[in-house]
There are 2 protein chains.
Amino acid sequence: MAALPAPETSSSTRFESVLEAVRAAILAGEFEPGKRLHEIKLTTLLGVSRTPVRAALQKLASEGLLDYTPNRGYTLREFSMDEVISAYEVRAVLEGLAARLSAERGLNVGEIGTLQQALRDGDDLLRNGHITDEHRSEYSRINACFHVTIHASAGSRLLNDMVYLCQQVPVSSPRNVVAFEEVDVRRRHEDHHRIFEAIVGREPWRAEMLMRDHVASVKSSLIRSLASPAAVQAATKTARRLRR
Amino acid sequence: MAALPAPETSSSTRFESVLEAVRAAILAGEFEPGKRLHEIKLTTLLGVSRTPVRAALQKLASEGLLDYTPNRGYTLREFSMDEVISAYEVRAVLEGLAARLSAERGLNVGEIGTLQQALRDGDDLLRNGHITDEHRSEYSRINACFHVTIHASAGSRLLNDMVYLCQQVPVSSPRNVVAFEEVDVRRRHEDHHRIFEAIVGREPWRAEMLMRDHVASVKSSLIRSLASPAAVQAATKTARRLRR
DNA sequence: GTCAAAGATAATGTATACATTTTGTGCTTG
DNA sequence: CAAGCACAAAATGTATACATTATCTTTGAC
């Protein structure tokens with residue numbers, strides 16, 4: 001097993017450093033699914049005592065990355081493709097609910113501004129004919145901003161936490177980057193415009209259905225790309241997690 | 001603050017005993033919302049060291065009952081009525097999704113048998129004219145069995161975990177038992193029949209809508225009973241949590 | 001009298017020793 | 001040779017001492 005990065009990043013407590021280090025190691029594939037993560041091995045790897053290691057493992061278990069059995073420690077969960085797909089199903093209904101609640105409550109001026117800015121930024125980015133990898137990366141940021149703002153405007157912490165949990169589900173496939181065709185990006189950006197319109201127009205049901213289908217379309221892309229491996233782009237180490 | 005029950009219940013590790021003891025104390029209202037839960041006070045109350053106490057507090061925080069801030073410990077969350085209501089919204093869409101996935105996958109013979117038994121037991125219970133408190137308690141068990149079976153048949157652990165999280169949201173109101181009129185119980189049992197029919201008949205969309213409305217109706221009951229306090233039954237210490 | 005800074009107090013963060021449980025190894029036994 | 005028991009090794013569970021951080025109190029200056 002390769003040495004883990006030093007935990008002294010920028011966090012205040014060792015627990016947080018260890019948490020991020022172990023999480024990164026898991027997502028980087030440093031551990032085998034189903035295998036145990038021994039506390040002592042991690043302490044020697046990270047140069048800290050068992051106390052923060054135990055806390056970090058417990059947190060990762062609560063996020064769903066590890067399984068815990070009393071007196072037997074933690075094992076790395078393995079995620080089947082079914083579980084990854086159903087994570088998108090869950091996320092679709094949750095984000096749909098967030099859009100509905102947001103439309104019911106109404107957006108405040110700050111949220112409207114943020115969403116409009118995200119829409120404008122996306123428009124500018126997609127104005128040019130061809131989109132490069134930098135464009136994709138930038139759009140990913142814009143996209144996240146758009147969705148996070150809607151989650152927050154729903155006003156439910158439970159809902160926020162659950163969307164976060166969905167995003168913690170790793171993709172088990174070795175080539176785990178969904179192939180985003182340019183046409184897909186453009187279509188999803190159009191979705192954003194309509195979703196914003198529905199929320200601002202206080203149309204809860206329409207907002208929910210649009211958002212649900214918007215998120216579910218990523219699931220469809222995932223299934224399509226897995227069915228035809230030729231369409232799968234080369235996976236990079238830096239993009240291990242699916243964005244919508 | 002009253003003394004907590006002794007932790008030596010029947011669990012193997014002290015961590016689990018402490019977890020249940022503190023959880024019970026929280027739900028019994030032994031702590032004030034927004035106030036800190038000091039580790040040392042809990043150690044003296046429970047007669048264990050800080051190690052299992054810390055682990056239990058961390059778990060409770062991951063379940064959403066406590067807030068954690070580094071170097072500042074844990075505080076008891078307070079749940080507004082809005083949060084309680086949106087917890088039911090979340091649960092409605094999640095259980096709706098579970099019913100849809102169940103209808104898509106199809107039930108196995110064991111699941112069909114369990115559900116049919118739950119439906120028959122409910123029929124028998126509601127055959128008599130008037131229902132007593134024991135009937136309500138027994139129906140609660142039957143109801144839980146029905147729902148749990150459907151969650152399991154959906155085949156998504158993430159979904160299961162999230163429904164569990166919804167159920168962990170405590171009700172902040174001092175009178176926290178929803179008034180279940182007899183007519184409500186009968187209507188919900190009828191819902192169960194139709195939901196079962198939709199799942200067995202492999203009608204995913206219908207199953208989802210029926211289940212969603214079924215769970216959402218509890219939210220409506222909650223709002224109704226809060227709007228007219230006269231309709232709120234006397235709350236008992238033994239029924240601190242809302243059942244659907 | 002109010003505010004601020006410094007010290008005292010108390011809480012959480014961490015390391016480590018010890019207890020308990022699991023797990024692996026090798027021996028015995030049928 | 002296989003099965004099972006006993007012991008040994010290692011891992012997790014727990015307690016506790018110490019380190020670090022937050023909080024409270026007191027003291028001083030303005």
Side-chain angles (χ1 to χ4, degrees), chain A residues 1 4-23 25-26 30-63 65-77, chain B residues 1 4-23 25-26 30-63 65-77:
Chain A
M1 179 193 307
L4 271 51
E8 48 270 12
T9 53
S10 65
S11 301
S12 67
T13 65
R14 292 181 210 272
F15 154 67
E16 296 172 82
S17 315
V18 170
L19 176 62
E20 293 315 314
V22 176
R23 196 210 308 278
I26 289 173
E30 308 263 344
F31 303 100
E32 263 184 81
K35 213 188 150 201
R36 278 172 66 174
L37 273 74
H38 298 278
E39 296 174 5
I40 299 179
K41 284 183 185 171
L42 290 172
T43 62
T44 58
L45 273 168
L46 296 163
V48 298
S49 79
R50 281 176 58 206
T51 309
V53 169
R54 279 178 69 82
L57 293 178
Q58 189 184 334
K59 185 78 166 42
L60 290 169
S62 79
E63 291 179 3
L65 253 59
L66 303 178
D67 277 325
Y68 170 73
T69 311
N71 291 316
R72 230 172 286 180
Y74 297 86
T75 59
L76 181 56
R77 275 192 62 186
Chain B
M1 175 193 312
L4 271 53
E8 46 269 12
T9 53
S10 65
S11 300
S12 68
T13 65
R14 293 181 207 273
F15 154 67
E16 296 171 82
S17 314
V18 171
L19 176 62
E20 294 314 316
V22 176
R23 196 209 308 277
I26 290 173
E30 308 263 344
F31 304 101
E32 262 185 81
K35 212 187 150 203
R36 278 172 67 173
L37 274 74
H38 298 280
E39 296 174 4
I40 298 180
K41 286 184 184 171
L42 290 173
T43 61
T44 57
L45 272 168
L46 296 164
V48 298
S49 79
R50 282 177 56 207
T51 310
V53 170
R54 280 178 68 82
L57 292 178
Q58 190 183 333
K59 185 80 166 44
L60 290 169
S62 79
E63 291 179 3
L65 253 58
L66 303 177
D67 277 325
Y68 170 74
T69 312
N71 292 316
R72 228 172 290 180
Y74 297 86
T75 59
L76 181 56
R77 275 191 63 185

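Naming: A, B, ... by sequence-line order, numbering from 1 per chain.
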Practice item. Spell out protein contact along nucleotides 9-18 of chain C as letters: B when the base is contacted, S when just the sugar-phosphate is, - when no protein heavy atom is under 4.0 Å; keep the 5' to 3' order. Key: --SBBBBBB-
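Partners of D67(A) according to the side-chain hydrogen bond (donor to acceptor under 3.5 Å, both in side chains) rule, which considers only residues two or more places apart in sequence or in another chain, are R157(B). Residues meeting the side-chain contact (heavy atoms from CB on, under 4.5 Å) test with T43(A), sequence neighbours left out: I40(A), R50(A), V53(A). In terms of the side-chain contact (heavy atoms from CB on, under 4.5 Å) criterion, residue partners of S62(B) (sequence neighbours excluded) are, by chain and number, S62(A), K59(B). The salt bridge (Lys or Arg N to Asp or Glu O under 4.0 Å) test applied to R23(B) returns E20(B), E63(B), not counting sequence neighbours. In this structure E32(A) satisfies the salt bridge (Lys or Arg N to Asp or Glu O under 4.0 Å) test with no other residue, sequence neighbours excluded. For F15(B), there are no ring-ring contact (aromatic ring centres under 6.0 Å, His included) partners two or more places apart in sequence or in a different chain.
Partner V22(B) forms a side-chain contact (heavy atoms from CB on, under 4.5 Å) with one of L65(B), L60(B), L45(B) and no other, that one being L60(B).
Rounded to 10°, the angle separating the first-five-pair axis and the last-five-pair axis of the helix from dG1(C)-dC30(D) to dG30(C)-dC1(D) equals 10°.
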